[in-house]
Amino acid sequence: MKRRWKTMLLSMLICVSLIMPSTFVQAAQTIYDNEIGTQDNYNYELWKDYGTTSMTLNGGGTFSCQWSNIGNALFRKGIKFDSTKTYQQIGNISIEYGCNYKPDGNSYLCVYGWTTDPLVEYYIVESWGTWRPPGATAKGQITVDGGTYDVYETTRVNQPSIQGDTTFKQYWSVRTSKRTSGTISVTEHFKAWENMGLKMGKLYEAALNVEGYQSNGSADVYKNNIIIGASSNTGSNTDSNNGNSSGAASGSGEKTECENMTITGQYAGKISSPFNGVALYADQESVKFNQYFAYGTHDFTLRAASSNSKMAKVDMKIGGKQVGTFYYGDEYPAEYTIKNVSHGTGNQEIELVVTSDDGTWDAYLDYLKIGGATEGSTGTNSGTSNTSSKMVALTFDDGPSSTTNQVLDVLEQYDVVATFFLIGEQINMDTLPIMQRQLKMGCELANHSYNHVDMSKLSATDIKNQITWTSSAIKNAVDYDVKFFRPPYLATSNSMYQNIDLSFIQGISCNDWESSVSASQRANTILNSVEDGSIILLHDFQGNTNTVQALPTIIEGLKNKGYTFVTVSELFEAKGVNPNQEYKIWSKVE
């Protein structure tokens with residue numbers, strides 16, 4: 001989805017914090033075809049290849065637009081630079097925006113721009129239509145402005161650019177959940193990309209952009225203030241310029257580079273690619289260092305990568321006791337976090353060690369960050385989990401049905417969330433209110449096939465259809481993107497793993513699909529089986545009243561044992577575990 005730009009240089013001298021002025025606002029004007037210009041010190045552009053478009057320039061950075069029957073169309077207002085300065089030289093860039101965004105089909109609302117030397121086209125995507133861009137493998141996740149973004153890198157070969165038809169890279173930050181207003185800390189994304197090995201060049205432009213592709217739609221950008229030069233105060237965790245940790249860890253996000261730790265192992269050593277760090281090649285190879293802890297509970301974030309597409313596993317030990325494991329699914333550097341780790345106070349040895357190397361992968365380690373201290377924790381139970389940090393995920397299969405509403409009544413009574421694995425053919429106008437209620441309550445939706453067939457016996461094409469039909473039905477009904485899949489009858493095959501691009505979930509079962517199993521038997525089985533990180537497998541098919549009756553006992557019993565109820569997504573995030581592992585089906589997250 002590329003477009004040509006006529007070169008337009010805007011020399012800017014930025015010495016102080018500057019908000020693009022909106023005084024002396026020009027009267028609104030509407031354009032219908034390709035045009036580039038300036039209004040109130042904002043550069044604007046309408047670009048399309050064909051179709052019907054209009055763009056009303058409302059003064060300052062604001063505008064509205066409509067499109068129909070187009071191939072590709074872009075509407076934007078922003079700032080063009082002269083390609084002589086890096087973003088560091090220009091100063092901090094952020095955008096305060098608000099948009100009434102109504103896409104009908106493929107579209108996205110984003111920050112858009114280019115750099116030169118190297119030539120890069122970049123996107124920071126805040127919302128989208130029927131398709132979430134860019135359709136590539138994520139390099140990792142970052143958190144900026146309180147939101148989580150997947151980062152991607154793609155390559156365009158001999159495509160239109162600001163330097164004519166050529167080959168160039170695209171960098172993407174795509175929010176995991178949509179929003180249409182707020183603050184976009186553009187510079188924080190640039191920093192994060194460079195920390196992940198995505199080199200930024202000299203800045204050509206930064207603009208708030210609405211793009212449509214083979215679709216219809218409209219948008220009203222009622223706020224678009226581009227701020228340049230102000231200090232960053234975003235609450236982001238992407239900044240990596242903290243230096244090495246040597247003092248008391250107290251939740252400040254202290255970072256230690258792995259190449260500065262003590263390296264142990266016959267083959268372990270320093271590396272310079274994909275970052276300056278350490279490679280661990282064999283079992284028991286490790287890096288370690290001593291850290292003083294004032295408090296006894298912290299979050300630990302490790303940036304690392306696998307040497308290839310195989311899953312690399314790195315255990316973390318504090319004071320000689322294993323407290324968690326980091327997982328890295330490919331060669332792209334990424335940060336993963338283990339939250340609420342309990343440990344001893346005072347001087348403690350932290351070790352990152354490989355213990356399950358099967359000879360098919362190596363672990364590349366960049367840095368370890370320590371944060372999230374809990375001041376009230378004394379750390380006397382070093383290496384053990386606090387009761388308050390125990391988590392469990394309730395899940396339900398075979399809905400939506402009228403029984404689902406009975407389940408939701410119980411969940412709502414106890415203020416508990418769950419993940420629902422839906423059957424595609426049961427999604428219709430009658431069950432739509434149930435799905436809307438699930439999302440309103442903070443529950444999660446997932447994929448359980450289209451018609452509950454044993455997919456392990458299907459062809460690759462039929463497997464893909466079962467997944468696509470169900471995910472599309474959910475998306476079309478409530479505009480929700482699923483991340484997890486539970487196979488019918490828990491039957492799996494190599495072909496399923498190879499053709500389903502969702503994480504596989506199993507869980508602890510109490511045979512609640514059997515009518516002969518009483519409500520008390522179901523509850524007792526669950527209460528006697530659950531551990532921290534467990535996924536509980538239940539069913540909300542039509543008429544499964546015994547499970548509805550068992551739910552209060554299950555919830556009350558687990559709450560009394562100190563468990564917190566989360567969705568499956570929240571469970572993986574809280575445990576700092578990457579769910580995207582090849583040929584893996586999850587019943588417990590640890």
Side-chain angles (χ1 to χ4, degrees), residues 311 393-404 407 418-428 430-431 434-435 438 443-477 480-517 521-522 525-526 529 534-548 550 567-569 571-572 579-589:
M311 179 65 63
L394 282 173
T395 68
F396 297 86
D397 286 1
D398 297 350
S401 72
S402 61
T403 302
T404 306
V407 170
T419 299
F420 291 84
F421 289 81
L422 308 186
I423 295 177
E425 67 179 3
Q426 294 181 199
I427 298 172
N428 51 52
D430 292 333
T431 57
I434 298 172
M435 299 170 64
Q438 289 169 323
C443 295
E444 183 177 38
L445 306 183
N447 191 314
H448 192 42
S449 82
Y450 190 75
N451 56 7
H452 208 276
V453 66
D454 184 347
M455 293 173 60
S456 66
K457 300 177 181 178
L458 298 182
S459 67
T461 298
D462 289 337
I463 289 170
K464 291 178 180 178
N465 286 340
Q466 287 280 329
I467 298 302
T468 300
W469 294 342
T470 304
S471 294
S472 297
I474 296 170
K475 178 71 173 179
N476 292 335
Y480 188 88
D481 295 304
V482 302
K483 295 183 285 188
F484 300 103
F485 165 71
R486 178 173 282 141
Y489 312 107
L490 300 179
T492 61
S493 66
N494 285 343
S495 185
M496 289 171 67
Y497 284 115
Q498 292 163 3
N499 290 282
I500 298 175
D501 191 24
L502 298 171
S503 299
F504 284 54
I505 303 298
Q506 188 168 319
I508 296 172
S509 170
C510 60
N511 295 336
D512 75 320
W513 59 86
E514 298 282 357
S515 60
S516 60
V517 181
Q521 288 173 323
R522 300 177 191 206
T525 297
I526 295 300
S529 303
S534 290
I535 298 169
I536 300 173
L537 194 166
L538 298 169
H539 292 76
D540 60 329
F541 57 76
Q542 185 71 32
N544 194 18
T545 56
N546 277 351
T547 287
V548 177
T567 65
V568 172
S569 288
L571 184 61
F572 280 103
N580 301 315
Q581 299 188 29
E582 293 182 338
Y583 298 93
K584 170 77 173 180
I585 187 166
W586 299 88
S587 288
K588 183 180 179 183
V589 182

Under the side chain to side chain contact (heavy atoms under 4.5 Å, CB included) rule, what do Cys510 and Leu538 come out as? Steps first, then yes or no, please. CA-CA 8 Å; Cys510 60; Leu538 298 169; 3.6 Å; yes
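- To the nearest 0.5 Å, the span separating NZ on Lys464 from CG on Asp501 amounts to 10.5 Å.
- The two residues Gly424 and Ala473 make their nearest non-hydrogen contact at O-CB, 4.3 Å.
- Taking CE from Met455 and CD1 from Ile463, the interatomic distance works out to 5.5 Å, rounded to the nearest 0.5 Å.
- Taking the side-chain hydrogen bond (donor to acceptor under 3.5 Å, both in side chains) definition, one finds that Asn511 meets it with nothing, sequence neighbours left out.
- In terms of the ring-ring contact (aromatic ring centres under 6.0 Å, His included) criterion, residue partners of Tyr583 (sequence neighbours excluded) are, by chain and number, Tyr497.
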Please step through side chain to side chain contact (heavy atoms under 4.5 Å, CB included) for the pair Trp513 and Asp398, ending with a clear verdict. CA-CA 10 Å; Trp513 59 86; Asp398 297 350; over 6 Å; no
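- For the ring-ring contact (aromatic ring centres under 6.0 Å, His included) test, residues two or more places apart in sequence or in another chain that qualify with Phe572 are Phe484, Trp586.
- For Ser529, the side chain to side chain contact (heavy atoms under 4.5 Å, CB included) partners are Ile508, Thr525, not counting sequence neighbours.
- The side-chain hydrogen bond (donor to acceptor under 3.5 Å, both in side chains) check on Ser402 picks up Gln542, with sequence neighbours excluded.
- Under the 3.5 Å distance criterion, the side-chain polar atoms of Asn544 are matched with a main-chain donor or acceptor of His539.
- Nearest heavy-atom pair, Arg522 versus Ser515, reported as atom, atom and distance to 0.1 Å: NH2-CA, 4.1 Å.
- With Thr547 as the fixed residue, the side-chain hydrogen bond (donor to acceptor under 3.5 Å, both in side chains) test singles out one of Asp512, Thr403, Asp540: Asp512.
- For the atom pair NE2 of His452 and CD of Gln466, the computed distance is 10.5 Å after rounding to the nearest 0.5 Å.
- In this structure a side-chain-to-backbone donor-acceptor pair under 3.5 Å is present from Thr470 to Tyr450.
- In this view, Gln438 satisfies the side-chain hydrogen bond (donor to acceptor under 3.5 Å, both in side chains) rule with no residue, not counting sequence neighbours.
- From Leu537, atom CG reaches atom CG of Leu490 across 6.0 Å, with rounding to the nearest 0.5 Å.
- Listed by first then second residue, pairs satisfying salt bridge (Lys or Arg N to Asp or Glu O under 4.0 Å) with a partner in residues 483-497 read Asp397-Arg486, not counting sequence neighbours.
- No side-chain heavy atom of Phe420 sits under 4.5 Å from any side-chain heavy atom of Pro400.
- Side-chain atoms of Thr431 come within 3.5 Å of backbone N or O of Gln426 as a donor-acceptor pair.
- When the side chain to side chain contact (heavy atoms under 4.5 Å, CB included) test is applied to Ser471, the partners found at least two apart in sequence or on another chain are Asn447, Ile467, Val482, Leu502.
- In this structure the side chain of Val568 never reaches within 4.5 angstrom of the side chain of Ser503, judged on heavy atoms.
- In this view, Thr461 and Ser459, Asn465 satisfy the side chain to side chain contact (heavy atoms under 4.5 Å, CB included) rule, not counting sequence neighbours.
- The CZ atom of Phe421 sits 9.5 Å away from atom CZ of Phe485, with the distance rounded to the nearest 0.5 Å.
- Partners of Ala477 by side chain to side chain contact (heavy atoms under 4.5 Å, CB included), not counting sequence neighbours, listed by chain and number: Ile427, Leu432, Met435.
- A distance of 11.5 Å separates CD1 of Ile536 from OG of Ser587, quoted to the nearest 0.5 Å.
- Applying the salt bridge (Lys or Arg N to Asp or Glu O under 4.0 Å) definition to pairs two or more places apart or across chains, those involving residues 443-456 are Asp454-Lys457.
- At distances below 3.5 Å, not a single donor-acceptor pair connects side-chain atoms of Ser472 with backbone N or O atoms of Trp469.
- For Lys475, the side-chain hydrogen bond (donor to acceptor under 3.5 Å, both in side chains) partners are Asp479, Asp481, not counting sequence neighbours.
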